[in-house]
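For reference, the structure is listed below as structure tokens.
Owing to the predicted nature of the structure, the values given are computational and were not obtained by experimental measurement. Order of the sequence lines fixes the chain letters, A, B, ..., with proteins taken first and strands second; residue numbering starts at 1 for each chain.
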Amino acid sequence: MSQPGTFDAFRALPDPAAHVFETSQGDPLGALLTRATPGDIATAALSAEGPLAGLPIGIKDNLCTRDLPTTAASRILEGYRSPFDATVVERLRAAGALIVAKTNLDEFAMGSTGQHSAFKPTLHPLSPTHSPGGSSSGSAAAVAAGWLPAALGSDTGGSLRQPAATCGLVGFKPTYGRVSRHGLIAFASSLDHIGWLTRSVADAALLFDVLAGPDPRDPSALRDAPLRASAQPTPRIPALRLGLLPALIEDTPIHPAISRAFSALIEGLRSAGATLPDLSPAHLELAGPTYTAISSAEAASNLARYEGLRFGQRASGPSGAPSTVEAFATHTRSALLGAEVQRRLLLGHSLLSGQTTLANAQNARAHIRKNLDEALTHVDALLTPTTPDTAPRRDAPDDPEHHRDRFTLPANLAGLPAISLPLGHDADGLPFGLQLIGRRGHDAHLLAIARALEAFLTTA
Amino acid sequence: MTHLPPEKLATLALRPTAETQLRAHLQRLDAALLPAADLEPLELRPTGAPAIVERPDIPEAPLSTEEALHNAAHTHQGFLAMPAALPSPSSEPTP
């Protein structure tokens, strides 16, 4: 039997929340870290009112929830219970959504495979030997499996769009500041965004209308009210101007199936009357090292607080009491932070202790932002594949230089809204996606363009 | 090239387990970002953008004792007992 997918399909179920508990029984995908109790959800459902009334939603476990533990998939936060809801969780509840589960992730959102959770790896719903992508691995697996109609996640370098592409979903990341991050456990503050995974662009737009907007509790939140995405008219294909980035794409080894499907998409759009000029914003080749340097440095700063004394769990000691606070913290952090997190923190601390590398990265970032903003004055959005490859095998080597994220990183560095849509499947049935990057602050327009492309792909 | 001396690494509260790998990665990053040194210096923040004002980092309402105890590293001790986990100066071994 096929699983429901969209909000409408879940609304048509006799009991959408019960569906989650039945289908996710035993969590065969390693997608969920905690589930609410059916009794609590049944009680919440009685008073649920609003545009999301009765819809079960998953929350990536780096977003604070007052009724379920929040761990960021790290031993150092095991059992932590936040005394408040993240703003996005608060807004979901106010719109009638039921917070049914906390979803798995790479520890502190550092990773792109879902294999770096301290608790369990996440499996791809279509192939247990493959990763669903990450770091929002549990959110992607649970939505792709049809357990949930939507799940929130975070996107620091592609952590929503990349698993969306490899699981055949819609993954949206708004303009930096458009959605409050109050209650998000920080990884790299200038790059972190909260977004979501859904089955359709219309569902993503509805979530945008519920979640976007100013928040006095987040000093980086934009202060103006956004346009409603659901109210935007869908543009006609001949009216679209979508910029291509041939230098970025030709410089990358791309899976042949993705390459063929992307070329066919371009040809189809041109035949339908869309304008697709080649653009060449300079310095995009610096996005990878720039992201690595800035994200590691910011992570080192953000995670310095977890030393087991003021924040975080404390490791049971080695024999004999530690002689200094440093020795105490060293023991706790070495024991309770995973290897990938420690690798990035060491890199970040080293960069913070130097002068030139981080300064060069910051200058490169400013140029990337300026050049992308300038490119977007000529077109409505930029069009790329979301990833150069389909889902990685679970035993694939790590990707410390972020090659897998090379198409998604620029939007984070520039703070631009971006969305991944399903584009096709390879010969093994593994999905891949296309990415649209929109103008700063034009989230509603980007979602409208995405709706047009979604319809075009469905009918093509 | 960024280089962190071993005595500095010891203050990071992390055991440097893969220093060779770390150094190699730093060298690659350093080389990859060298072209950015020749670019015109640019500020990330656009001219005229409003400054971000930090909210005081205090909870809006004090935690209840129950909440504080739940999140204490050692629930049975609570925050007030935490300093006892460290030896007092008088119990430090003398060299």
Between the CG atom in B:Leu33 and the CD atom in A:Gln362, the distance rounded to the nearest 0.5 Å is 10.5 Å
Kindly indicate, with the supporting measurements, whether the criterion side chain to side chain contact (heavy atoms under 4.5 Å, CB included) is fulfilled by B:Asp30 and A:Thr356.
CA-CA 8 Å; B:Asp30 201 43; A:Thr356 52; 4.1 Å; yes
message = Are B:His25 and A:Thr292 packed together at the side-chain level, in the sense that at least one heavy-atom pair is separated by less than 4.5 angstrom?
response = yes
| request: State, yes or no, whether a side-chain contact exists between B:Leu22 and A:Leu347 at a heavy-atom distance under 4.5 Å. | output: yes
### Task
Would you confirm whether A:Asn360, through its side chain, and B:Ala36, through its main-chain N or O, come within 3.5 Å as a donor-acceptor pair?
no
Scanning both residues in full, the closest heavy-atom pair of A:Asn363 with B:Pro41 reads OD1-CA, 3.4 Å
In short, B:Leu29 meets A:Pro289 closest at the heavy-atom pair CD2-O, 3.4 Å
Rounded to the nearest 0.5 Å, the NZ atom of A:Lys370 sits from the CG atom of B:Leu42 at a distance of 6.0 Å
Item to complete: State whether the side chain of A:His367 and the backbone N or O of B:Glu40 hold a donor-acceptor pair below 3.5 Å, judged by distance alone.
Response: yes
